[in-house]
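Please read all numbers here as calculations on a predicted model, not as lab measurements. Because only heavy atoms are used, hydrogens play no part in the values below, and waters and symmetry mates are left out as well, while side chains stay in. Residue numbers run from 1 in the order of the sequence given.
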Amino acid sequence: MKLGLQLNVGLQQTLTPQQIQYLKLLQLPALQMEQHIRQEIEQNPMLEEGAHDGGDAQSPEEYTFETDFTEGASAPSVAAETVAAALKTESAPVVEAVGYEDVPEALEGKTFRAGEFDGNGGVATQSYDGGNGEGTDEYGYENDIPDDSDAFEFHKLLWQDDSSGRGNTEGSPNDDDNDYEPFQMKDVKTFEDELLEQLHFIDLSEEEILLGEQIIGSLDDDGYLRRNLRDVLEEANIQVDEINHERMVASLALQGKSATGKKSAKKISAKDVAEAHSGYGSGTIGYNDNQSSLLKRLNINQAESVLKKIQELDPTGCGARTVQECLIAQLRALPKLNAAQKLAMEVLLHAYESFTMKHYQHIAKQLEVTEDYLREAVDVIRRLNPKPGYGSSVQAITTIIPDFIAEFDEDKSDIIIMVNDSSLPALRVSTAYEKLKKEARYRKFNKETREFLRKKYEDAKFLMNAIRQRKATMLKVMTAIAGLQRQFFSDGPDGLRPLIYKDVAEETGMDISTVCRVVNSKYIQTEFGIFELRFFFSESLLNDEGDEVSTRIIKDRIKEIIGKENKDKPWSDDKLSKEMKKIGFNVARRTVAKYREQMKIPVARMRREL
């Protein structure tokens, strides 16, 4: 093997940590963005939450873009000058809404060092020499703080009373003098908690209660027991052995106290415990005081009995291992079965496979009943709950906070797009830092303190500017989407037209990856409801007139046709394709089947009803 040196020349583009942070902020929805900002406030002492209603808070004020759209016109692009004027920023220039490939160029040279800004948003002229700590830096520090200085001087400077009136006002929740009581969240019980509470009211032995707790703890969210019952039984028996061991050790300790008559018990050896276990297993245990308190191991028959009792608890059917067992348990829990309920029990016990395949004629022939009688039994089964774990208690509700708000003006001619940032905290540089900077020329701080203050100040300034850039980029993308989908905002979902990410990228001049980051997990509130931004993007198909139609409209038409079909004889995919051609959509059978599966609509045989 020959060794040698080789020189290669290449060009590589890398992102700075600040640029990566900006890209991450761009794809965060409103709720996660609020959490991220509050986390930064906790970690960075230079950041402070200000008030939205004026003041000298260094936060971007609310602004909107009014889009003057005309019929057939595309959304106007938001110029950098317009964004800067709307944001009303004077301290730092707002970078034009940038895409993934434009971020390095747009942010080039914008490292937002502490020397570029002063506390009031202006430009400072001092420079910081962090090499040797000599000279005057941007904070006005000349020398390091002496070692014999008061360690509490720094904290006294930071936490002294705010005489400028920018701190907490009287009556605020953070005022320690007020008896502020936060909103109390309601403690919601899960169905597992309800089952455990009911379990202790059943006439069961101690070891059976332990097994019941193990079974309930092994249930899935929908209430089913998908673990092997023997495995759950083995875990319960291990717990029984551990409890018996602890009780034996405690009993031997008590025997030692009784024999010696002293306060301290004699030391228990492993041999004593082994003999006690041997006596427990053979029934010749040497002490009778604690013999009645020892638990017995359970067998599989006892486990089945405990499982049946758990299935009778409310919600009925929890602990079932199959859907069939769940439905049967719910029927058995009824106090008195009528004729239809009895037939439903027969169907579940003896014709369940035919029922799942909807072979109703075969079931009627097997059970020797008419279809009308069978229809009543099927209605009884449909009213049962196949997933008893869901709906038994209040489930966690996913709150959707729209990131945008779209509405027409009074003349119904212009669409107004607004970024919903009302929940985001308004940021500003901490008032404690401003006081610290004013007192800096009279104070002496060491190099580590100066470096810490400089770094935190830069991080705070960059985050505030990144939030402004994020808002401008989101407005630019949403404005383009509103212009391309103007008919949707005027006519509703029927006016949705085909749209892909590339169309928005060309309209805004951004990269497709930037458009994807803005669209991802974002929602918009319209007069027709709240929609995910991905709802506005779909592929296209040609109708008989040669016009492009969104695939979402095609799916809606297929769903409408299936909803109007005869449930006794549902239409096949081929029949659905012919019906679509009658209303002007030339859709092949395979395309109908694909869209039907995407909407999770079963095949014709599974849609049949009595």
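Salt-bridge annotation for Arg38 and Glu34: present, with a side-chain N of the basic residue lying under 4.0 Å from a carboxylate O of the acidic one. Taking the charged nitrogens against the carboxylate oxygens, Glu206 and Arg247 do have a contact shorter than 4.0 Å, which makes a salt bridge. A salt bridge links Glu579 to Lys575: at least one charged side-chain nitrogen sits closer than 4.0 Å to a carboxylate oxygen. Taking the charged nitrogens against the carboxylate oxygens, Arg589 and Asp574 have no contact shorter than 4.0 Å, which rules out a salt bridge. Of the charged side-chain nitrogens involved, at least one lies within less than 4.0 Å of a carboxylate oxygen, so that Arg375 and Asp372 count as a salt-bridged pair. Between Arg297 and Glu242 there is no salt bridge, since no side-chain N of the basic residue sits under 4.0 Å from a carboxylate O of the acidic one. Between Arg227 and Glu235 there is a salt bridge, since a side-chain N of the basic residue sits under 4.0 Å from a carboxylate O of the acidic one.
Applying the salt bridge (Lys or Arg N to Asp or Glu O under 4.0 Å) test to Glu312 and every residue at least two apart in sequence or in another chain returns nothing. Annotation: side chain to side chain donor-acceptor pair (under 3.5 Å) contacts of Ser354 (sequence neighbours excluded): His362. Shown here are the side chain to side chain donor-acceptor pair (under 3.5 Å) partners of Lys555, two or more places apart in sequence or in another chain: Gln598.
Residue Gln485 comes nearest to Gly495 through the heavy atom pair OE1-O, 4.3 Å, listed as atom of the first residue, atom of the second, then distance. Nearest approach of Asp220 to Arg226, heavy atoms of both residues: OD2-NH1, 2.8 Å. Residues Ala588 and Ser577 approach most closely at C-OG, 3.7 Å, considering heavy atoms. Minimum heavy-atom separation, Asn299 to Leu233: C-CD2, 3.5 Å. When every heavy atom of Lys336 is checked against every heavy atom of Gln341, the shortest pair comes out as O-OE1, 3.5 Å. Ile562 approaches Lys567 most closely through the heavy-atom pair O-NZ, 3.2 Å.
Between the CG atom in Leu219 and the SG atom in Cys318 there is a gap of 6.5 Å [rounded to 0.5 Å]. Here the straight-line distance linking atom NZ of Lys24 with atom CG of Leu26 works out to 13.5 Å at 0.5 Å rounding. With rounding to the nearest 0.5 angstrom, the CG atom of Leu196 is 4.5 Å from the CD1 atom of Ile216. Here the CG-CD1 distance, from Leu348 to Ile328, works out to 5.5 Å after rounding to the nearest 0.5 Å. One finds the CD1 atom of Ile530 at 9.0 Å from the CD1 atom of Ile405 (value rounded to the nearest 0.5 Å).
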Practice problem: Begin with the C-alpha distance, continue with both residues' side-chain angles, and end with the deciding distance and a verdict on side-chain hydrogen bond (donor to acceptor under 3.5 Å, both in side chains) for Asp421 and Ser423. | Solution: CA-CA 5 Å; Asp421 57 354; Ser423 62; over 6 Å; no

Exercise. Using the side-chain contact (heavy atoms from CB on, under 4.5 Å) rule, take Leu343 and Val380 through it: C-alpha gap first, then chi angles, then the decisive distance, then the call.
Key: CA-CA 9 Å; Leu343 180 58; Val380 171; over 6 Å; no

Self-check item: Verdict with supporting geometry, Met357 and Arg605, side-chain contact (heavy atoms from CB on, under 4.5 Å)
Solution: CA-CA 8 Å; Met357 303 300 293; Arg605 176 177 55 80; 3.2 Å; yes

Exercise. Apply side-chain contact (heavy atoms from CB on, under 4.5 Å) to Asp403 and Met33, showing your working.
Key: CA-CA 10 Å; Asp403 301 88; Met33 186 66 184; over 6 Å; no

Exercise. Could you give me the CA-CA distance, side-chain angles and deciding distance for Lys522 and Glu532, then say whether side-chain contact (heavy atoms from CB on, under 4.5 Å) is met?
Key: CA-CA 6 Å; Lys522 304 291 195 311; Glu532 193 174 6; over 6 Å; no

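For the salt bridge (charged side-chain N to carboxylate O under 4.0 Å, His left out) with Asp573, the qualifying choice from Arg596, Lys594, Lys578 is Arg596, the only one to do so. Screening Leu499, Val519, Ile512, Thr514 for a side-chain contact (heavy atoms from CB on, under 4.5 Å) involving Val504 leaves a single residue, Leu499. When each of Phe537, Tyr523, Phe489, Phe488 is checked for a ring pair (Phe, Tyr, Trp, His ring centres under 6.0 Å) with Phe531, only Phe488 meets the rule.
Side-chain atoms of Val323 and Tyr352, non-hydrogen and from C-beta on, do get closer than 4.5 Å to each other. Annotation: side chain of Pro388 is in contact with side chain of Cys326 (closest heavy-atom distance under 4.5 Å). Using a 4.5 Å heavy-atom threshold, the side chains of Tyr360 and Leu374 count as touching. Under the 4.5 Å side-chain criterion, counting only non-hydrogen atoms from C-beta, Leu229 is in contact with Arg321. Put simply, the side chain of Gln361 does not reach to within 4.5 Å of the side chain of His359, judged on heavy atoms. Counting heavy atoms from C-beta outward, Phe536 and Leu484 have side chains that stay 4.5 Å or more apart. Counting only heavy atoms from C-beta outward, the side chains of Ile554 and Met580 approach each other to under 4.5 Å. A heavy-atom distance below 4.5 Å is found between the side chains of Cys516 and Tyr501.
Within the 3.5 Å criterion, the main-chain N or O of Pro602 finds a donor-acceptor partner in the side chain of Arg607. Not a single donor-acceptor pair under 3.5 Å links the side chain of Thr591 to the backbone N or O of Val587. Panel note: side chain Asn237, backbone Leu298; a donor-acceptor pair is recorded below 3.5 Å. When atom types are taken as modelled, the side chain of Gln311 and the backbone of Gly317 share no donor-acceptor pair closer than 3.5 angstrom. A distance-only check finds a donor-acceptor pair linking the side chain of Gln330 to the backbone of Asn385 [under 3.5 Å]. Side chain of Gln198 to main chain of Glu194: a donor-acceptor pair is present (N/O by atom type, distance under 3.5 Å, no hydrogens or angles). The backbone N or O of Lys559 lies less than 3.5 Å from no partner atom in the side chain of Tyr595, so there is not a single donor-acceptor pair. Asp511 places a side-chain N or O within donor-acceptor distance of the main-chain N or O of Ser513, the cut-off being under 3.5 Å.
No donor-acceptor contact under 3.5 angstrom links the side chains of Thr316 and Asp314, judged on distance only. No side-chain N or O of Gln302 forms a donor-acceptor pair with one of Glu208 less than 3.5 Å apart.
A 6.0 Å sphere centred on CZ of Arg382 holds more than 12 heavy atoms belonging to other residues, nucleotides or ligands. For Lys342, the NZ atom is loosely surrounded, since the number of other residues' heavy atoms within 6.0 Å does not exceed 12. For Lys569, the NZ atom sits in a loose shell: 12 or fewer heavy atoms of surrounding residues, nucleotides or ligands are nearer than 6.0 Å. Atom CD of Glu560 is surrounded by more than 12 heavy atoms from other residues, nucleotides or ligands within 6.0 Å.
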